[in-house]
Amino acid sequence: MGSARSALFNWLYARHTGGTFVLRIEDTDTERTTEAHLTAITGTMRWLGLDWDEEYRQSDRFDLYRSAADKMVADGLAYYCNCTPEEVKARAEARGDSAHGGYDGHCRDRNVAPGEGVVVRFRTPDEGVTGWDDIVRGRVEFDNAVLEDFVIVRSNGVPMFHVANAFDDLDMGITHVVRGEDLVNTTPRVLLLRQAMGGAEPPVYAHLPLIVNEQRKKLSKRRDDVSVGDYADRGYLPQAMANYLATLGWGPKDGEEIRPMAELVELFDLADVNKAPAFFDVKKLDHFNAEYIRAMPLDEFVEACRPHVEAADPPIPAELFASLAPFVQERVRRFDEAPGFLDWVVGDAPEPQPKDWKKTMKGDGPPAVLDGVLAKLDDVAWEPEALEALVFGVGEELGVKSQLPVRLAVTGRRAGLPLFEPLAELDRETVRARLQAARARL
RNA sequence: GCCCCCAUCGUUCAGUGGCCUAGGACACCUGCCUUUCACGCAGGCAACACGGGUUCGAAUCCCGUUGGGGGUGCCA
């Protein structure tokens with residue numbers, strides 16, 4: 001979700017400014033890279049409507065990064081190091097230095113030769129400051145002294161993302177880097193590497209506020225629903241999702257939140273992005289989604305519901321759903337909620353909640369209503385209008401409102417679709433049985 | 001521990017020294033509409049974390065405190 005939001009802001013800015021939106025797959029961690037991840041990324045972007053103008057995979061370009069690293073070694077800006085991670089950590093602990101163990105520069109001048117178990121480290125400056133003017137955060141600076149000599153090429157020869165990014169930003173002429181705030185502290189490293197590669201003007205950086213959960217912590221795969229694909233499966237519309245995401249950390253000046261992408265593109269500016277983290281509020285997403293759903297043409301709505309309608313248990317016949325769909329469309333916030341409105345039509349009605357039963361069936365009215373309807377059930381024409389006339393007629397004779405007792409008896413709930421259209425889809429005997437069962441309980 | 005960052009209603013966005021008795025949206029509550037619910041409409045509840053400055057004047061600028069977050073990998 002966080003990456004999708006970053007991609008969205010990149011895209012909005014690129015489209016707003018008429019720039020070029022580059023999709024760069026940063027798959028330098030060969031252990032974790034899978035084809036499935038890649039298709040998940042491109043699939044999500046396509047789903048959200050974020051089209052890109054150029055596409056690269058860093059795993060196709062390892063040789064370029066390696067030569068850049070070699071050149072830095074030759075220039076004395078980087079060096080080989082054969083310390084094992086254990087050794088590095090042990091020395092750090094001995095120093096009582098940092099919690100996780102910063103590298104101490106042990107191999108800086110040892111002239112280690114390349115080989116098995118040897119990494120390339122960048123020689124960070126001991127003095128000075130590395131900083132940049134972040135579009136959203138303003139001036140951000142790091143003392144070079146706190147930057148350890150970090151690894152730029154692993155012992156297996158695969159370059160790390162810092163070098164890859166520094167090289168690619170330069171090579172691809174990247175002008176703007178828009179990403180999550182969790183990447184701020186890697187920025188000085190990339191900046192230093194860029195300088196070492198002879199890069200002059202750095203790109204413009206914009207570090208977006210994080211999207212957080214109710215605990216105010218960065219969304220995490222373990223604890224939170226972060227998969228955009230899962231939201232798609234549950235019946236969220238991509239337009240609604242993109243629109244909602246656009247209001248996290250940014251918002252149109254005029255306060256009009258729900259609006260077409262084209263307008264968002266027109267209004268969006270990185271300079272207006274907030275600094276404070278934003279909570280991912282599913283309730284508000286639901287509202288956006290409901291608005292988009294109600295605005296859909298009916299046939300598109302029916303089509304969007306189809307997977308959920310077909311998967312329902314018991315299944316809902318397509319024609320039945322189509323005929324009742326207009327009523328469902330007004331009430332649903334997600335497509336996966338659609339079958340729930342028709343469960344009592346295709347299967348047994350749910351057992352009424354005790355408190356609903358008490359509230360609805362109290363007094364002399366309900367039994368009289370049920371008796372009255374039951375008495376005339378054989379003679380009524382089996383169509384919505386006639387059923388409505390029957391139920392309301394009984395109520396008028398008795399001087400009470402008659403819908404609720406009938407509704408609860410037949411549907412098991414106090415709330416739901418307009419009663420008589422779906423009721424006409426049930427057969428006479430089923431309705432009789434349910435009314436009698438309810439009457440018997442009074 | 002060290003580094004970096006953040007701080008307006010429960011949530012989100014607005015507000016960039018006076019127009020703020022702080023506005024919109026979501027959520028919540030009330031009423032209207034409707035013989036259900038939902039939609040719609042009308043209202044309501046509800047915030048500038050705290051303490052110092054600067055200034056004629058501060059939600060807006062500065063400092064500190066408190067609180068929260070991110071990072072600290074041969075992950076990105």
Side-chain angles (χ1 to χ4, degrees), chain A residues 3 26-29 31-33 58 81 83-85 88-89 92 96-103 117-121 131 134 136-138 140-143 145-148 150-162 164-165 179-188 207 209-210 212 214-218 244 246-258 272 274-288 290-291 294 327-333 341 360 388 391-392 395-396 400-408 411 413-419:
Chain A
S3 305
E26 306 196 328
D27 53 349
T28 51
D29 185 343
E31 307 275 294
R32 290 199 306 184
T33 299
Q58 291 189 325
C81 164
C83 297
T84 65
V88 172
K89 193 174 180 210
D97 211 9
S98 57
H100 298 275
Y103 183 68
V118 173
V119 301
V120 180
R121 284 184 187 273
D134 198 283
V136 347
R137 261 141 236 291
V140 183
E141 289 184 338
F142 288 79
D143 281 334
V146 306
L147 267 25
E148 65 191 72
F150 54 91
V151 174
I152 56 176
V153 181
R154 299 167 169 89
S155 56
N156 66 3
V158 177
M160 298 276 294
F161 76 102
H162 313 97
N165 290 2
R179 19 123 88 153
E181 191 199 341
D182 50 342
L183 274 320
V184 251
N185 69 123
T186 73
T187 304
H207 286 93
L210 258 21
V212 298
E214 44 285 301
Q215 271 83 227
R216 300 254 115 205
K217 294 193 194 302
K218 185 169 86 161
Y244 174 64
T247 67
L248 257 27
W250 179 80
K253 292 266 187 228
D254 60 10
E256 228 21 82
E257 293 179 313
I258 298 181
D272 299 326
N274 284 159
K275 299 189 228 287
F279 169 60
F280 187 84
D281 187 354
V282 182
K283 285 241 187 81
K284 188 149 182 177
L285 205 214
D286 282 344
H287 174 255
F288 275 50
E291 291 271 318
R294 285 194 294 270
F327 304 119
V328 178
Q329 185 174 10
E330 294 176 47
R331 270 153 261 257
V332 101
R333 285 166 309 182
F341 283 93
T360 311
E388 176 173 343
V391 171
F392 284 4
E396 269 157 40
V400 297
K401 292 191 175 176
S402 54
Q403 183 183 161
L404 235 22
V406 174
R407 175 181 286 277
L408 189 66
T411 77
R413 298 192 188 86
R414 283 172 58 89
L417 261 28
L419 184 57

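From a predicted model like this one, the values you see are computed outputs, not experimental measurements. Each chain gets a letter, A, B and so on, in the order the sequences are listed, and its residues count up from 1. Below, each value reflects all heavy atoms present in this structure, side chains not excepted, and no hydrogens, waters or symmetry copies.
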Next item on the list: Report yes if the distance between the aromatic ring centroids of A:Phe327 and A:Phe341 is under 6.0 Å, otherwise no.
Entry: no
Notebook entry, point to check: Within the structure shown, what part of the strands sits under 4.0 Å from A:Arg413 by heavy-atom distance: base, sugar-phosphate, or nothing?
Noted result: nothing
Next item on the list: Could you please name the partner base of B:U54, counting Watson-Crick and G-U wobble pairs only when both distances are under 3.5 Å?
Entry: none
Next item on the list: Using a heavy-atom cut-off of under 4.0 Å over every strand shown, decide if A:Glu256 touches base, sugar-phosphate, or nothing.
Entry: nothing
Note to self: Could you tell me how far B:C39 sits from B:A27 if I compare only their P atoms? Round to whole Å.
What the structure shows: 8 Å
Notebook entry, point to check: What class does the angle between the rings of A:Tyr244 and A:Phe280 fall in, given that below 30° is parallel, 30 to 60° is tilted and above 60° is perpendicular?
Noted result: perpendicular
Item checked: Shortest side-chain distance from A:Arg216, nucleotide among B:C26, B:G68, B:C37 -> B:G68
Check: Can you tell me if the side-chain N/O atoms of A:Asn274 get under 4.0 Å from OP1 or OP2 in B:U8?
Finding: no
Note to self: Check this for me: does the side-chain of A:Ser155 come within 3.5 Å of the base of B:C74 through a donor and an acceptor?
What the structure shows: yes
Check: Considering heavy-atom distances to RNA chain B, does A:Val146 or A:Thr186 have its closest nucleotide positioned more toward the 5' end?
Finding: A:Val146
Checklist line | N/O donor-acceptor pair, side chain A:Glu257 with base B:G24, under 3.5 angstrom | finding: yes
Next item on the list: Would you mind checking if A:Lys253 and A:Asp272 are paired as a salt bridge, meaning a charged N to carboxylate O distance below 4.0 Å?
Entry: yes
Checklist line | A:Lys283 side-chain N/O to B:U12 phosphate OP1/OP2 under 4.0 Å | finding: no
Next item on the list: Tell me yes or no: between the side chains of A:Arg179 and A:Thr187, is some donor less than 3.5 Å from an acceptor?
Entry: yes
Check: Can you tell me if the side-chain N/O atoms of A:Lys218 get under 4.0 Å from OP1 or OP2 in B:G70?
Finding: no
Notebook entry, point to check: How long is the line joining OH of A:Tyr244 and C1' of B:C13, in whole Å?
Noted result: 11 Å
Notebook entry, point to check: Quick one: is B:U36 close enough that its OP1 or OP2 comes under 4.0 Å of any side-chain N or O from A:Arg331?
Noted result: no
Note to self: For the C1' atoms, the ones on B:U55 and on B:G17, what distance do you get once it is rounded to whole angstrom?
What the structure shows: 9 Å
Next item on the list: Classify the side chain of A:Arg137 and the base of B:C5 as holding, or not holding, a donor-acceptor pair under 3.5 Å.
Entry: no
Checklist line | First encountered from the 5' end of RNA chain B, between A:Glu181 and A:Asp281 | finding: A:Glu181
Next item on the list: With C1' as the reference atom in both, quote the distance from B:U16 to B:A22 in angstrom, rounded to an integer.
Entry: 14 Å
Note to self: It should be established whether A:Arg333 places a side-chain nitrogen or oxygen under 4.0 Å from OP1 or OP2 of nucleotide B:C26.
What the structure shows: no
